[in-house]
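Note sheet for the following structure.
Note that ligands are numbered from 1 as they come in the structure, with each ligand's atoms numbered from 1 the same way.
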Amino acid sequence: MSKGNIGVTSDNIFPVIKKFLYSDHEIFLRELISNAVDATTKLKTLSSVGEVKGDLGDLRVRVSIDKAKKTLTVSDHGIGMTAEEVDKYINQIAFSGAEEFLNQYKDKTEAIIGHFGLGFYSSFMVANKVEIFSQSYKEDAKAVHWSCEGNPEYTMEDTIKAERGTDIVLHIDDEFSQYLEDATIEGLLKKYCKFLPIEIAFGKKKEWKDGKEVELDEENIINDINPAWTRKPADLKDEDYDKFYHELYPMQMDEPLFHIHLNVDYPFNLTGILYFPKIKSNLDVHRNKIQLYCNQVYVTDEVENIVPEYLTLLHGVIDSPDIPLNVSRSYLQSDNNVKKISGYITKKVADKLAELYKADKEDFAKKWDDIKMFIQFGMLTDEKFYEKATGFALYKNLSNEYATLDEYMDKVREQQVDKDGNMVLLYTNDPDAHYTYIERAKAKGYDVLLMDGELDVHCMSQAEQKHEKLRFVRIDSDTIENLIKKEDAAKDTYTDEQKEGLRKAFENLLPNDADKLKYNVTCEAAAADALPVFLTQNEFMRRMKEMAAHQQGMSFYGQMPDSYNLVVNTAHPLIQELVGKEISEEVQEEVEKDGQKETVVKTVYKLEGEDERMKQLIDIALLASGQLKGEALAKFVNRSVELL
Ligand code: ADP
């Protein structure tokens, strides 16, 4: 037996490992199993180049718990270690054996995991004693037993071990007794080891029989050693991709809409499969996340810094040995590999979408509503993606027809260019509420888009910035004649004074509330068959308010009261009857000023004997745009009955 001190510079590294190194204690299991899988893969590599002869036998990695002895054991049948190797790789910590091996067998070792630094020693986070029993594959090598109690001293001695490979035995601290529970360990294995390339066995398979859970003879294998992303796309059918999707997310019931198989080996290594899920609401979005693997070892599902933010809406896996895993998040963002990876994924996703749209426009349109949020998010946040996405981002009109912006502009160009050469695209976010406006637009031969998505307002603004002569206007934001101004616009023959009198008379009857709601009255010759009085809402102001609701720094707009235009349509015969009846009246009114009551004289405009009719007209305008409610609505109904 030999004794010695573990070769680290620091006097005692163990307290550091225990407390500070990993905040996630549970990753010790990932580390040990990675080592076991590593050792097994190395053996397979050596066998494939003829350095190990004969049948390799059973290569399963086994995890077992002995509650009485309070131990957790990870056993493999890999290359094992000689006493010299234990000394070199374990005693001289921070010396990565994996690296040396990699250099030696460069082309053969795709699957070496040696990526996690202080792997083996992380077991001291949860164990007060760790033992290694190892038998090297090398001929004439003696088995070795190493033992250490969480201090810099270790013991090492020859031992007898029947089978090739390594057993790592952890004597679990009382403080961490959860790691002696089957359920905990099985949960961790499922989390970290689900797709490792060597079979991992934990206990026996169980089955429900007659209301009882019974153990079968068969071993319980945790992992799928050939997950879909490691296979060739040509060997996979759509069903295989769907099946793998449910393997990844067992709780997910919906099928994905489509998938993208990623596969690069230059200038970095990356494989993976991304799925487009059906996004039903914002709530769904972050339930299932993209999982990041490193050579089939699960690392994290926090991929925010590795893929662009909008791509985090996708599901699936990314596997890359080239993503630095043990560094801080801010470092990740500036890492060149990571940037390239992110750019590559963006391009791949965009290309795939373009291909799908081209291959089957109808099918793509059917899926559009489900993927729209993701694509719009991408367009708004990633310029490169925007450029590609203009080829497949769709707009839907009220007849459920889908088209890209370019296709759509071509379609409406004839009708919807105004006298100044602006292309005006009309839209509604609420077809029921805007029914009368829509009908008037249709009567003029115009088309109306449905823009009721959460990001639509932002996307319209973006499209306007990109196209100089393009404007989107909501169908209720002005008279249809004003929305798309043509040369032959209707005019009236009234003087400015006449119109001002009319305007003020209507204004006088309006319920303006400076804090919440404001109506601005204008007189315009809209059309004889439009409503005599109707409401519009300024596109710019409304959009600013809508965007303010989502964006910081725009609260100025958010605080403005809702403001509407009440258009008095001087082209309508009913209004024409009113012109000329304006009178002004001086009325005395008491107001409070600096705590004192004062009487002021105000000029009030009215139309002689027409108040009831005007109120009725205003209410009709409010009713037509869904703003007549409660008491005002009841009054309107009563007045209507009286008028009849
Ligand atoms: P890393 O895996 O990052 O190299 P570790 O501390 O986990 O760091 O392991 C150090 C070395 O010990 C490994 O590189 C490997 O050579 C050796 N080793 C650890 N576990 C095993 C094992 N189960 N079988 C064979 N060798 C092992």
Taking atom 2 (O) of ligand 1 as the point of reference, which of Asp38, Asn35, Val37, Leu32 owns the nearest heavy atom?
-> Asn35

Note: heavy atom closest to atom 15 (C) of ligand 1, options His77, Glu31, Lys42, belongs to Lys42

Option passing salt bridge (charged side-chain N to carboxylate O under 4.0 Å, His left out) with Lys367 (candidates Asp369, Asp370, Asp363) | Asp363

Do any N/O atoms on Asp76 end up under 3.5 angstrom from N/O atoms on ligand 1?
-> yes

Report the relative orientation of the aromatic rings in Phe276 and Phe374; use parallel for angles under 30°, tilted for 30 to 60°, perpendicular for over 60°.
-> perpendicular

What is the ring orientation for Phe392 with Phe385, classed by angle as parallel under 30°, tilted 30 to 60°, or perpendicular over 60°?
-> perpendicular

Please state whether the rings of Tyr245 and Tyr249 are parallel, tilted or perpendicular, taking 30° and 60° as the class boundaries.
-> perpendicular

Near-ring test Trp229/Phe195, centroid separation under 6.0 angstrom = yes

Taking only non-hydrogen atoms of Ile90 and a 4.0 Å limit, the atoms of ligand 1 in range are 12 (O)

Within the structure, does Tyr121 bring an N/O atom to less than 3.5 angstrom of an N/O atom in ligand 1?
-> no

For ligand 1, find out whether one of its N or O atoms is nearer than 3.5 Å to an N or O atom of Met81.
-> no

In a check of side chain to side chain donor-acceptor pair (under 3.5 Å) between His171 and each of Lys70, Lys129, Lys69, Glu131, which one passes?
-> Glu131

Quick note on ligand 1: atoms under 4.0 Å from a heavy atom of Phe120 include exactly 5 (P), 6 (O), 7 (O)

